[in-house]
Amino acid sequence: MTAALTLHTYWRSSAAYRVRIALHLKGLPFVSVPVHLVKDGGEQRLPAFAARNPQRLVPTLQHGDAVLTQSLSIIEYLDETFPDVPLLPGDAWSRQRARALAQLVACDIHPLGNLRVLQYLEHELQLPSEARTQWVARWVRDGLAAFEALLLQQGAGEFCVGDAPTLADCALVPQLYNARRFGIDLAPYPTVRRIDAACAALPAFEAAVPERQADAPPA
Ligand SMILES: N[C@@H](CCC(=O)N[C@@H](CS)C(=O)NCC(=O)O)C(=O)O
C-alpha cells in the first residue's frame, strides 16, 4: 500500500489548483486540508503551518512523511513517483517546452499578482483597488501574449505541447481562471482559449475547479 497524499490547499489558490489538476489527471486519491489564506491574517502564517512549510505558501503536499513545496516541482515529483498518465512528454525538446511554458506562468506571471504582493500594494504602498487591478492586468496580459506567441511559434497540439495534457496545461488553466477573476479580456489569445476549452472538457480539470472544492464558499 502506498503512503497517503495530503494536499494543503486553498480553493482559490492557483498554485494549489495546478497540483489538484495533476493529482486528478493521474487518478491519485488525496485528502485536501484547507488553509484559509485570508481569514484572521491567513492561516498560512500560523506557526503550525510555517513549521510544515517555512515559505508559508500553499500548495504543500505531504506524501507519507515527506513534505513537498513548490507546485511545479511537486507535479514533477508526482510524475516521477507515479509515472502512469505522464505529465511530461517523452522527448527532451517537448519536455523543455512544457517546462518553459509552465515556468512562464509560475515564475513570470503569477508571483506579481500573488496575495502577499497585492496586500503589500494595498496596505504598505496604499494603492487603491483600481491601481492594484491595473498592476495585475499589466503582467497577466504581457505573459499571456508571450504564451500565445510561443504556442504559435512552436506549434501547439490539442493541448499546449502535443495531444495530451502536460505540466504546461496544469499551469495555464489556473492562470486563466485568475485572469477572468480580474476581468482581463482573453480575446487576444485564441490558441490559449482553445486549449483552455479542451482542458475544461476533461473530468480531471473539472474536478480541480476552485468552486468545486470543499472550502469554497457556497455559491
Ligand atoms: N511558487 C509557489 C507559489 C505558491 C504561492 O504563491 N501560493 C499562494 C497562493 S496561489 C499563497 O500561498 N499565498 C499566500 C500569501 O501570499 O500569503 C508555487 O508554485 O507553489
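Order of listing sets the numbers, starting from 1, for every ligand and every atom in it.
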Measure across P174 and D169 and return the closest heavy-atom pair with its distance rounded to 0.1 Å.
CD-O, 4.3 Å

Protein residues that have a heavy atom under 4.0 Å from any atom of ligand 1, sorted by chain and number
S13, S14, A15, R18, L37, Q44, R45, L57, V58, P59, Q70, S71, H110, N114, L115, R116

Are any of the side-chain nitrogens in R141 or D185 under 4.0 Å away from the carboxylate oxygens of its partner?
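No salt bridge links R141 with D185.
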
Got a salt bridge between D79 and R95, using NZ or NE/NH1/NH2 to carboxylate O under 4.0 Å?
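Answer for the salt bridge query: no.
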
Hey, do the aromatic rings of Y10 and H36 have their centres closer than 6.0 Å?
yes

Strictly by modelled atom types, are R18 and S71 linked by a side-chain donor-acceptor pair under 3.5 Å?
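Yes, a side-chain donor-acceptor pair sits under 3.5 Å.
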
Please check if atom CD in Q134 has more than 12 non-hydrogen atoms from other residues, nucleotides or ligands closer than 6.0 Å.
no

